[in-house]
Structure formats: C-alpha cells, structure tokens
J.: 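Below you will find the structure I want to go over with you.
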Amino acid sequence: LDCVQQFSVSDRQLFNLHLSPNGDLLVTGGYGRKIHVMDTQTGHEVLRIDDFKQGVEDLVVDDTFSRVFAVGNGNDVRWYSLVNGAMLGSLRCDGRAIGLALAPDQIHLIIATYDGYIESWNIETSKRELRFEAHRNVITSLAISPGNRLLATGGDDGAIKLWDLSSGDNLANILARQGEVPYLAFEPSGHILQATFRGGFAGIYDLLYGNMLIAGNSEFHIQRLGPSASTPDNIASVRAWSQAILKMTRRYFTPADKGN
C-alpha cells in the first residue's frame with residue numbers, strides 16, 4: 001500500500017481513529033485530552049473538542065457521522081456534535097469509564113468501566129438499563145452483533161466473553177491465552193467474530209457452530225457455560241464438537257442479524 005497523505009494531529013499518543021464513510025474526515029482521540037477532526041484531503045483541523053480531564057481512551061462515532069461519544073472525564077461519558085463541537089449529552093457511570101460501543105440501533109451505549117463492569121445505557125432516556133461484572137480485570141475491547149443481541153468483551157487476561165445484551169447472561173467464553181484482547185468485531189452476518197491479541201495472534205470464530213476458522217498455531221479452548229461438562233482443548237476437538245459448542249446461542253441469530 002502507498003501512503004497518499006500524511007499530517008500531524010497531536011504531539012501525544014493517539015488511541016482512536018474513525019474515518020467518515022466517504023473518507024473526507026478523520027476523528028481522533030488520545031493522550032492529548034482532545035478530540036481532533038481532520039480534513040483528510042488538506043490535513044487541516046476542522047474541529048477541536050477540548051473538554052477532557054484525562055486522555056481520551058476511547059471514542060465512537062454514530063452511523064450518520066454527526067455525533068461522537070467519548071470517555072476521558074472519570075466516571076462521565078459525554079457526546080458532542082461533529083458539526084460545531086457542542087456537548088449534546090452526558091451520563092455518569094458507577095466506575096471510571098474506559099471503553100465504549102454504540103449499538104447498531106444507535107440508542108444503546110455500552111460502557112466498560114475500569115473495575116471490569118459493563119453498563120448499558122439508553123441515551124434517549126438517559127437511563128441505565130443493565131449493569132453486570134464482565135471481567136475480574138480490565139476490559140480492553142467491546143463489540144456488538146448487528147442485531148443488538150450479543151455483546152463480546154475482551155480482557156487483559158486474554159479471555160473473550162459472550163453476553164446476552166438484554167439480560168447480561170454469560171453465554172460462553174473463548175480462552176485463547178494469547179494476552180490482552182485489544183480488538184473485537186462482528187462480521188455483518190452476526191455470527192462471525194474477529195479478534196486480535198496483543199502478541200500479534202488473530203482468531204476468527206464461528207459462534208453459531210463453535211468452529212475456530214483461523215487459529216494460527218495457538219493453544220486455545222472454548223468454554224460453554226451450560227449443562228455440558230466437556231471442554232475441548234485443541235483445534236481438532238473444537239471442530240468435532242461444532243454442533244454442541246454454543247448451540248444454545250442459536251436463537252440469537254435471526255434474519256435481523258443477517259440483514260445488515
């Protein structure tokens with residue numbers, strides 16, 4: 001790949017980059033305690049939001065690229081207009097907010113707090129609808145399935161956990177033992193989950209049948225939380241168990257998940 005544009009955004013480390021659908025704007029956040037909106041054609045800054053007490057550890061942008069949601073004020077999460085930078089709303093979590101995911105319905109904001117909890121907020125009513133402990137240590141990544149049914153969380157312990165987003169029930173855990181999980185993403189089908197690990201290992205998991213589609217040379221196992229006591233500990237046994245592992249999550253994969 002050739003570099004087609006290069007410009008300076010901040011003299012501090014950047015954590016997050018979000019490119020607009022047509023590629024003309026870039027939204028960034030990082031240790032500099034600011035959100036910068038850059039014109040990618042000219043490299044000029046078109047908007048700066050300077051409203052943070054700490055580094056902007058995470059931010060998300062809505063589907064219309066009109067609002068940005070950000071952490072960087074302790075327990076507070078705030079969102080701003082990407083037109084003029086005005087603050088549009090805020091909410092306060094029970095713990096320090098460190099991670100965000102905006103559900104595909106554009107109404108529910110999922111927040112990870114430093115003490116390992118997940119909070120689900122309705123941003124239209126400003127009410128918290130769910131709170132549960134997801135990891136004993138720090139949550140490092142979040143992803144929501146296209147149908148708003150499943151939440152995947154990654155931790156600094158290398159565990160990936162799957163949750164029912166309406167109830168907070170833990171459906172299954174993927175234990176890859178590859179270190180911190182900095183990135184998770186669902187494919188449009190809703191049942192393929194991509195993960196990367198701090199050590200450079202990447203995995204692609206078929207959640208509907210329990211297959212690990214790409215495993216590299218990793219040692220891993222998938223733990224299903226249910227009546228079965230069987231837990232595979234290598235790639236071959238996972239594939240042989242494909243009809244049993246995560247079978248209980250079938251009900252989450254509906255046409256609503258597949259149509260996005």
Side-chain angles (χ1 to χ4, degrees), residues 9-18 25-38 45-144 148 151-156 163 165-166 168 180-184:
V9 175
S10 171
D11 59 357
R12 306 293 297 276
Q13 180 180 349
L14 297 177
F15 295 138
N16 298 279
L17 302 172
H18 289 267
L25 294 175
L26 179 68
V27 181
T28 72
Y31 273 135
R33 302 183 183 183
K34 299 176 181 66
I35 292 176
H36 301 271
V37 182
M38 311 296 294
E45 183 181 76
V46 297
L47 182 67
R48 178 182 299 185
I49 301 173
D50 187 359
D51 188 34
F52 301 96
K53 298 175 182 177
Q54 302 160 336
V56 183
E57 293 184 78
D58 201 10
L59 60 83
V60 293
V61 178
D62 68 2
D63 284 350
T64 62
F65 218 78
S66 61
R67 298 173 298 173
V68 58
F69 301 77
V71 299
N73 284 294
N75 293 25
D76 292 345
V77 176
R78 300 174 183 175
W79 53 100
Y80 306 85
S81 168
L82 283 174
V83 176
N84 56 22
M87 189 172 77
L88 302 176
S90 66
L91 55 86
R92 186 167 182 81
C93 302
D94 282 356
R96 180 165 73 87
I98 60 171
L100 297 173
L102 183 61
D105 64 10
Q106 305 292 287
I107 296 173
H108 290 90
L109 187 66
I110 309 303
I111 304 166
T113 59
Y114 188 75
D115 54 1
Y117 278 79
I118 290 292
E119 298 190 14
S120 175
W121 288 77
N122 184 317
I123 58 176
E124 291 188 345
T125 64
S126 297
K127 292 183 178 180
R128 187 176 69 192
E129 298 181 350
L130 197 64
R131 182 176 186 267
F132 58 88
E133 185 177 15
H135 294 257
R136 292 185 178 180
N137 297 315
V138 177
I139 299 169
T140 55
S141 54
L142 301 169
I144 303 172
N148 295 298
L151 170 69
T153 63
D156 64 358
W163 308 89
L165 199 49
S166 63
E180 179 182 328
V181 186
Y183 175 78
L184 291 169

J.: Are the side chains of Leu59 and His18 in touch, meaning some heavy atoms are under 4.5 Å apart?
T.: yes
J.: If you define the side chain from C-beta out and look only at heavy atoms, does anything of Leu184 sit under 4.5 Å from Leu142?
T.: no
J.: Under the 3.5 angstrom rule, does the side chain of Asn16 hit a backbone N or O of Glu57 as a donor-acceptor pair?
T.: yes
J.: Side chains of Glu119 and Glu129: closer than 4.5 Å at any heavy-atom pair?
T.: no
J.: Atom CG of Asp115 and atom CG of Asp94: how far apart are they, to the nearest 0.5 Å?
T.: 8.0 Å
J.: Indicate whether the side chain of Ser66 and that of Asp62 have a donor and an acceptor atom separated by less than 3.5 Å.
T.: yes
J.: CD1/Ile110 to CG/Leu130 distance, rounded to the nearest 0.5 angstrom?
T.: 7.5 Å
J.: For the pair Leu82 and Arg67, evaluate side chain to side chain contact (heavy atoms under 4.5 Å, CB included) and give the outcome as yes or no after the intermediate values.
T.: CA-CA 5 Å; Leu82 283 174; Arg67 298 173 298 173; 5.9 Å; no
J.: Rounded to the nearest 0.5 Å, what's the gap from OG1 on Thr113 to CD1 on Ile118? Could you check?
T.: 7.5 Å
J.: Take atom CZ of Phe15 as the centre, draw a 6.0 Å sphere, and report whether it contains more than 12 heavy atoms from other residues, nucleotides or ligands.
T.: yes
J.: Over all heavy atoms of both residues, which pair between Cys93 and Trp121 is shortest? Give the atoms and the distance, please.
T.: SG-NE1, 4.2 Å
J.: For the residue pair Tyr183 and Ser141, what are the closest heavy atoms and their distance?
T.: N-CB, 3.8 Å
J.: Residues in ring-ring contact (aromatic ring centres under 6.0 Å, His included) with Phe65, at least two apart?
T.: none
J.: Heavy-atom distance under 4.5 Å between the side chains of Ile144 and Pro104, does that happen here?
T.: yes
J.: Look up atom NE2 in His108 and atom OG in Ser166, then write down how far apart they are to the nearest 0.5 Å.
T.: 10.0 Å
J.: Donor-acceptor check, side chain of Gln106 to backbone of Asp63, threshold 3.5 angstrom: yes or no?
T.: yes
J.: Could you state the interatomic distance from CG (Asn73) to CZ (Arg33), rounded to the nearest 0.5 Å?
T.: 10.0 Å
J.: Is a donor on one side and an acceptor on the other found under 3.5 Å between the side chain of Arg48 and the backbone of His36?
T.: no
J.: Side chain of Asp58, backbone of Val71: donor and acceptor closer than 3.5 Å?
T.: no
J.: Should the pair Arg78-Asp51 be classified as a salt bridge under the 4.0 Å nitrogen-to-oxygen rule?
T.: yes
J.: Take Ser10 and Leu14 through the side chain to side chain contact (heavy atoms under 4.5 Å, CB included) test and state the conclusion after the steps.
T.: CA-CA 8 Å; Ser10 171; Leu14 297 177; 4.2 Å; yes
J.: Pairing donors with acceptors under 3.5 angstrom, does anything connect the side chains of His135 and Thr153?
T.: yes
J.: For Ala70 versus Val56, what's the shortest heavy-atom pair and its separation?
T.: CB-CG1, 4.1 Å
J.: Distance from Leu91 atom CG to Arg128 atom CZ, nearest 0.5 Å?
T.: 10.0 Å
J.: Which atoms form the tightest heavy-atom contact between Arg12 and Tyr31, and what is the distance?
T.: CB-CB, 3.9 Å
J.: Apply side chain to side chain contact (heavy atoms under 4.5 Å, CB included) to residues Tyr117 and Arg131 and explain how you reach the verdict.
T.: CA-CA 7 Å; Tyr117 278 79; Arg131 182 176 186 267; 3.6 Å; yes
J.: Is there a side-chain contact between Trp79 and Val68 (heavy atoms, below 4.5 Å)?
T.: no
J.: State, yes or no, whether a side-chain contact exists between Tyr80 and Leu88 at a heavy-atom distance under 4.5 Å.
T.: no
J.: Tell me whether Thr140 contacts the main-chain N or O of Val181 through its side chain, where contact means a donor paired with an acceptor under 3.5 Å.
T.: yes
